[in-house]
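Here the structure is laid out as structure tokens; the discussion comes afterwards.
Atom set for the values below is all heavy atoms of this structure, side chains included, hydrogens, waters and symmetry mates excluded. Keep in mind it's a predicted model, so treat the numbers as computed, not measured.
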Number of protein chains: 2
Amino acid sequence: MTAAQRREQEKVTYDAFLRECPSRQLLDRLSDKWVALVLAALAEGGSMRYSELARRLAGVSQKMLTQTLRALERDGLVTRTVTPTVPVTVEYDLTPLGASLHAVVRHLKGWAEAHMDDVRTAREEYDARSA
Amino acid sequence: MTAAQRREQEKVTYDAFLRECPSRQLLDRLSDKWVALVLAALAEGGSMRYSELARRLAGVSQKMLTQTLRALERDGLVTRTVTPTVPVTVEYDLTPLGASLHAVVRHLKGWAEAHMDDVRTAREEYDARSA
DNA sequence: CGGGATCCGCACGGATACTG
DNA sequence: CAGTATCCGTGCGGATCCCG
């Protein structure tokens with residue numbers, strides 16, 4: 001039992017370590033389905049309004065869009081500017097930090113476009129072999 | 001109703017587009033909680049056995065570890081070598097493709113280590129403001 | 001040792017309705 | 001227009017048991 005308990009403790013410690021790990025946190029952010037899309041939309045289109053984003057990312061629920069934007073704003077990656085017209089106008093834009101993150105994401109995109117064909121053929125071979 | 005139906009259709013089309021998108025697929029892979037960790041472990045430690053990986057990534061369930069390894073093998077990112085000793089020995093290693101992906105992931109890690117402090121302080125400010 | 005199969009909880013995301 | 005609040009289904013991942 002003592003061995004099992006030690007294992008348990010190690011897992012907890014490792015989990016804590018992972019929560020602290022900056023890379024892990026970044027990965028968790030990016031894995032949010034819409035983060036990369038929002039980043040790309042804002043990087044390409046400049047500052048955009050809520051409804052523009054909603055239209056651009058067809059398929060996103062407003063709940064997810066809001067949630068994503070709040071998270072990005074909280075992380076200092078986008079700015080949210082409210083103009084008190086009637087009705088209200090809200091503009092979203094990338095911060096320099098957000099723009100730099102987008103640059104990194106574009107590296108990912110680059111790898112994807114360069115190598116995903118290899119991955120695809122690997123998959124087909126694998127599936128054919130196991131069939 | 002026709003407008004709503006058109007919206008629906010647009011969403012379906014966009015969803016299909018996203019499924020085809022190489023970057024999206026890559027992001028989906030990386031977002032799997034353990035993929036990056038396995039990549040890092042193999043890149044650092046060279047070829048490793050199943051139980052070595054399990055020990056190194058304390059906290060992973062064997063189901064997830066197996067699932068992750070299968071997915072990576074299917075994508076041609078790692079090799080799985082079975083040596084029919086008694087009991088069986090299974091070695092996992094990175095393919096060149098897997099190694100190149102790991103290089104990209106390390107860029108992410110670089111960004112994370114360089115900027116996550118900014119993110120952290122941004123969060124604290126945000127939380128303080130909303131409190 | 002290196003898994004496969006199964007059951008199960010719960011958290012994440014979608015749909016809907018309402019508001020300033 | 002730009003959200004907030006609420007309900008709800010399901011799918012991901014953990015735990016457990018078993019096998020070659």
Practice item. Could you check how far CD of Glu52(A) sits from C1' of dG3(D), rounded to whole Å? Key: 16 Å

Study note, to complete from the structure: Letter by letter from the 5' end, nucleotides 10-20 of chain C scores (B base, S sugar-phosphate only, - none; protein heavy atoms under 4.0 Å) ---BBBBB--B

Review point. Any side-chain heavy-atom pair from Trp111(A) and Met116(A) closer than 4.5 angstrom?
Key: yes

Point to revise | Any Arg49(B) side-chain nitrogen or oxygen under 4.0 Å from OP1 or OP2 of dG2(C) | key: yes

Review point. How long is the line joining CG of Leu57(B) and C1' of dG14(D), in whole Å?
Key: 16 Å

Review point. Looking at side-chain heavy atoms only, is the closest gap between Tyr126(B) and Asp75(A) below 4.5 Å?
Key: no

Review point. Quick one: is dG2(C) close enough that its OP1 or OP2 comes under 4.0 Å of any side-chain N or O from Ser51(B)?
Key: yes

Practice item. Would you indicate which nucleotide in dG2(C), dT4(D), dG4(C) comes nearest to any side-chain atom of Arg80(B)? Key: dG2(C)

Check your understanding: Can you tell me how far C1' of dG4(C) sits from OH of Tyr50(B), to the nearest Å?
Key -> 10 Å

**Study point:** Arg129(B)/Glu125(B) ion pair, N-O < 4.0 Å
**Key:** yes

Check your understanding: Are any side-chain N or O atoms of Glu91(B) and backbone N or O atoms of Val82(B), one a donor and one an acceptor, separated by less than 3.5 Å?
Key -> no

Check your understanding: Charged N to carboxylate O below 4.0 Å: is that the case for Arg24(B) and Asp28(B)?
Key -> yes

Practice item. May I ask you to evaluate whether Tyr92(A) reaches the phosphate of dG3(D), defined as a side-chain N or O under 4.0 Å from OP1 or OP2? Key: yes

